[in-house]
Amino acid sequence: MPERENSTRTVADERYDPQRIEEKWSARWQQRPELFRAEPFDSPRPKYYVLEMLPYPSGALHMGHVRNYAIGDALARHMWMKGCNVLHPMGWDAFGLPAENAAIKNNTPPRQWTLSNIAHMKIQMNRLGFAYDWSKEVTTCLPDYYRWNQWFFLKMYERGLAYRKKSRVNWCPECATVLANEQVVNGCCWRHTETPVQQRELEQWFLRITNYAQELLDDLDRLPGWPEKVRTMQRNWIGRSEGALVDFKLDGGVGPAGDTIPVFTTRVDTIFGATSVQLAPEHPVVADLVGNDPELRAKVDELMAEQRRAKEAGDVGEIEKHGVFAGRYVINPFNREKLPIWVANYILMDYGTGAIMSVPAHDERDYEFAKKYGLEIRVVILPRRQGEPSEASEQDTALLPYTGTDSLLINSGPYNALSCEEAMRHMAQDAERGEFGKAAVTYRLKDWGISRQRYWGTPIPMLYCEHCGIVPVPEKDLPVVLPENVDITLTGGSPLGRVEEWVNTPCPACGGPARRETDTMDTFVDSSWYFYRYTDPSVATAPVDRKTIAYWFEIDQYIGGVEHAILHLIYSRFWTKVMRDLGLIANREPVARLFTQGMIIKDGAKMSKSFGNLVVPDDMIARYGADATRMYTLFATSPDRELDWQDAGVDGVARFLSRVHRFFSLAHKYSVEPQAADRRVLRKLHQTIRRITEDFDGRWHFNTSIAALMELLNLVLEEHSGGPIEKHAAMSASALRTFQRNFVLMLHPFAPYLAHELWERLGETSNLLRAPWPKYDPALAKEDEIEIVVQINGKIRDRLFVPADSSGEELQRLALAAPKVQATLDGKQVVKAIVVPGKLVNIVVR
RNA sequence: GCCCGGGUGGCGAAACUGGCAGACGCACGGGACUUAAAAUCCCGGGCCCCGAAAGGGGCGUGUCGGUUCGAUUCCGACCCCGGGCACCA
């Protein structure tokens, strides 16, 4: 009996109660926000800017947020401990359509809905213990932020980077607004993945991102800290392609669209093999050709409809090729040959010039088309098999279409016998000299259409005056404030258009009546530069403070989901380059290192409400505490991989934290004399410091960092086994102390609440956030004795315990002498022995 | 079709430069404590075969082949899963 009363009381009193600990520290931290505040730019510490993608304030955090922010928070805390001046801000991507939908559903104004969501999500973030510098908070739907969107727009307008044009646009009937190309996924809206996008003609504002296409492409090579995957995706999206423009003159009469059809080709060397020219159904010349031929018009309309249907269904690559002869001809400028003009449903108006030269012998698609319609197939590049010129044969139709560029020209007049590459060069030069073409580069990237026919966004600061036409709002009149109390319904036109008192305003140029632009900006504008505003969100005279920016940029580490690899990350790079050209910043790229975390899945599917596999952070926190919830998202797998959520897994982490807590809570009676376990514990401690430090410096495999902490604790507990733990003091007091301090320091980035609590209980008064990260001592980490594997012909036959620093010769001698080895060897001849010091000896026998 | 990831126990995973496969955790089995349960603690475990047992042998990282003293790791071909792009002229 007496031996029990002691232990039961201690354990019962000190049961790990995460709610109590976490609420206590959360309250303290909120009382002292300066703890997490970045120092000004004259700080002597090295700066470190760690950024996580800001959330859309949908109402509640989801597990993906928790994972993202747990990674960033661990890094921020670690960098503080390494002595850096850390900027770790957070904000809200607060404009967007859900606020309007919620407004209609709940009859709450978007602003109120959004701001109350923000308030709630901020509470959740604080409850999770994320160390943000809230003095830098940015909320994009507030005028002191979005006025700078408007300011940027005016600057771009001044420089010709913002322009208005009528164009075919992607229209999402669900959003009742236009979408940028980047926002169309599989022919559907990126938010409504079941809703096919429609094509409409609208007047739209565009930003000339294509002016920066080449730089955006080139600078990808300057981003070694970005995942190759993301860089490849951006490279493909920009889609640079080198070739030539060649003008084909219309044979015969001329219509309003002119008599020249420019064609873009990457294979001008095959131009003597062109047997037709093919136009997109929407090509302006087609309208002229159709003229008053109702039969042709009907066919063209049919082709156009097919193409549109395919676009809307998202399967433009699978459409069956159709075309119609337009009844007219063009002249090939290289050989004066007459080529028939066809209109075809697979030619896209929005790539290149909307017209191609068709070379069936040397292009898969042209070949297919020519076979179908019986067009001539003329070989102009000598086909060859597998780099064997001798086997080349003009007659070998089995090799058609031959698309290689590793051969020579034939049937090409003065260019015969040139290599493809030489021919491309010469022909482009000759075309330029003859003024019927030139070498040219095209991009897949399109200008960024930013007009949205919605209410809850940044008003575009433009006016339409009856006399002066399009007039920008003067800078001094910014911000153009979004009016409140606007009736939002889903039907018809921009909601702002119905707010007469807002729309009607005098023209700043002539004073006459003018109307405001009623479209708002794409919300990707907001997220394109928010990370600059973070550095000083209070500056009122400019979007950013130059000196502060110069200090903090580039962002040292950006962390977020790979789903933003194209949209957000390419717009942000574009915005940075514009800001540089405006003289606001010196950096040419915003982000030095990018980390894309994996998705969270459960039961084999992405976590979502509709799939019914949603795990809600609030529930997890209530059950296990914030530390365990966060730590599980780091422990389940490495951060870059998909995380397979398992509720039971959180139990394991929570149990570990509770074991930590219990060990630290016991009343230890330790001696001053060194104990046998000291060396073993300190050795493991220093091995652990090394592992975790390397994980932070390198691969960010926090799952193994946490496993290392578990191993360390397991060892310490093992050393204490063999009796009631609080009586069986296996270590000396000083070794215990060393272990405890360092353990807490390493626990801190992953479980900040418990770490702070234990730090305080250890009697430490310093700020754990700034406590120096432990250094590992190689001498202490070194093993005395290690196990060496003895193999014979690669199969393990024995294991030896030897001093850690045994030499190769010594190991070989010991291995050969081992009884089991001797028995196995038994008369066989030893050919050689491979010795890997510290690891194994492999004896090769015959 | 093209370009990236990934495929390892019942499950999540680890093995970083070619050197003991399965660390750490979950679930499971056995035991201790308990009137009982929960919680906690201790022990066990890849699979197959031989053996009463101690012990011994074989197989094993998607499949097939190669390089090597030695392959989860490198090379070649293929299969499956996930993601991105896809008539881009």
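Since we're looking at a predicted model, the values are computed, not measured. Lettering follows sequence order; numbering is per chain, from 1.
Between the OH atom of A/Y346 and the P atom of B/A86 there is a distance of 19 Å, rounded to whole Å. Atom-to-atom, CD of A/Q812 to C1' of B/C69 comes out at 13 Å; the value is rounded to the nearest Å. Rounding to whole angstrom units, CE of residue A/M710 and P of B/A14 are separated by 14 Å. Between A/I706 atom CD1 and B/A14 atom P there is a gap of 12 Å when expressed in whole angstrom units. Summarising the geometry, the separation between CG on A/L713 and C1' on B/G25 is reported as 14 Å, rounded to the nearest angstrom.
Looking at heavy-atom distances under 4.0 Å, A/F656 makes no contact with the nucleic acid at all. Across all strands shown, A/D363 has no heavy atoms under 4.0 Å from either base or sugar-phosphate atoms. The residue A/R240 sits apart from the nucleic acid: no heavy atom pair falls under 4.0 Å. Among the protein residues, A/I843 comes within range of no part of the nucleic acid, since none of its heavy atoms lies under 4.0 Å from any strand. Within the nucleic acid shown, A/N703 comes within 4.0 Å of sugar-phosphate atoms alone, with no base atom in reach, counting heavy atoms only. Across all strands shown, A/E642 has heavy atoms under 4.0 Å from sugar-phosphate atoms exclusively, and none from any base. Within 4.0 Å of A/V844, counting heavy atoms only, lie sugar-phosphate atoms of the nucleic acid but no base atom.
Checked by atom type, the side-chain pair A/D447/A/T210 shows a donor-acceptor distance below 3.5 Å. Side chains of A/S276 and A/Q278: a donor on one and an acceptor on the other come within 3.5 Å. When only modelled atom types and interatomic distance are considered, A/Q214 and A/Y443 share a side-chain donor-acceptor pair under 3.5 Å.
Checked against B/C41, B/C26, B/C20, the side chain of A/R659 finds its nearest nucleotide in B/C41. Of the listed nucleotides (B/A86, B/C16, B/C11), B/C11 has the atom at the smallest distance from the side chain of A/Q646. The listed nucleotides are B/A89, B/G12, B/G19; the one nearest the side chain of A/L840 is B/G19. Relative to the side chain of A/A636, the nucleotides B/C24, B/G12, B/G84 differ in distance, and B/G12 lies closest. Listed nucleotides: B/A15, B/C24, B/G84. Nearest to the side chain of A/H701: B/A15. Taking every side-chain heavy atom of A/A648 into account, B/C26 is the closest of B/C20, B/U40, B/C26. Of the listed nucleotides (B/G19, B/A89, B/C20), B/A89 has the atom at the smallest distance from the side chain of A/T265. Comparing atom distances between the A/T704 side chain and each of B/C24, B/A14, B/C69 picks out B/A14 as nearest.
Taking atom P on both nucleotides, B/C16 is separated from B/U73 by 12 Å, rounded to a whole Å. On the C1' atoms, B/G58 is 29 Å away from B/C75, given to the nearest whole Å. Nucleotides B/U40 and B/U34, compared at atom C1', are 11 Å apart to the nearest Å. Taking the P atom of each, B/U17 and B/G31 are spaced 45 Å apart, rounded to whole Å. Across the P atoms, B/C24 and B/C41 are found 15 Å apart, a figure rounded to whole Å. Here the separation of B/A89 from B/G10, taken at their P atoms, is 49 Å to the nearest Å. Straight-line distance between the P atoms of B/G30 and B/A39: roughly 16 Å, to the nearest whole Å. Distance check on atom P: B/A14 versus B/U68 gives 32 Å, rounded to whole Å.
Sequence neighbours left out, the pairs with a member in residues 688-708 of chain A that pass salt bridge (Lys or Arg N to Asp or Glu O under 4.0 Å) are A/K82-A/D697, A/R691-A/E711. A salt bridge (Lys or Arg N to Asp or Glu O under 4.0 Å) check over residues 263-283 of chain A, counting only residues at least two apart or in different chains, returns the pairs A/R168-A/E282, A/R267-A/D269. For residues 261-284 of chain A, the pairs satisfying ring pair (Phe, Tyr, Trp, His ring centres under 6.0 Å) are A/F272-A/Y415, with sequence neighbours left out.
Partner of A/K321 under the salt bridge (Lys or Arg N to Asp or Glu O under 4.0 Å) criterion, out of A/E364, A/E368, A/E306: A/E368 alone. Just one residue in the list A/L811, A/D798, A/I796 forms a side chain to side chain contact (heavy atoms under 4.5 Å, CB included) with A/V790, and that residue is A/D798.
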- [ ] Summarise how protein sits on nucleotides 54-59 of chain B as a single string, 5' to 3': B when a protein heavy atom is under 4.0 Å from the base, S for sugar-phosphate-only contact, - for no contact.
- [x] ----SS
- [ ] Heavy atoms under 4.0 Å is the rule here; annotate nucleotides 1-7 of chain B 5' to 3' with B where the base is hit, S where only the sugar-phosphate is, and - elsewhere.
- [x] ---S-S-
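Residue A/R699 places at least one side-chain N or O closer than 4.0 Å to OP1 or OP2 of B/A15. Side-chain N/O atoms of A/R444 include none lying less than 4.0 angstrom from OP1 or OP2 on B/A89.
Only at 4.0 angstrom or more do the heavy atoms of residues 683-698 of chain A sit from any atom of RNA chain B, so none qualifies.
For A/K438, the NZ atom is loosely surrounded, since the number of other residues' heavy atoms within 6.0 Å does not exceed 12.
Taking the ring centroids of A/Y346 and A/F369, they lie under the 6.0 Å cut-off. The ring of A/Y624 has its center no closer than 6.0 angstrom to the ring center of A/Y632.
Closest-nucleotide positions on RNA chain B for A/Y443 and A/I834 were compared, and the one nearer the 5' end corresponds to A/I834. With the nearest nucleotide of RNA chain B identified for both A/I796 and A/T266, A/I796 has the one nearer the 5' end.
A salt bridge between A/E320 and A/K372 is present, with a side-chain N of the basic residue lying under 4.0 Å from a carboxylate O of the acidic one.
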Task: Check against side-chain contact (heavy atoms from CB on, under 4.5 Å), A/V615 and A/M607 - done: CA-CA 8 Å; A/V615 177; A/M607 246 190 207; 3.4 Å; yes
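For the pair A/K446 (side chain) and A/R444 (backbone), a donor-acceptor distance under 3.5 Å is present.
The two atoms that bring A/L220 and A/R235 nearest to each other are CD1-N, 3.8 Å, heavy atoms only.
Look at B/G5: its Watson-Crick or wobble partner, with both distances under 3.5 angstrom, is B/C81.
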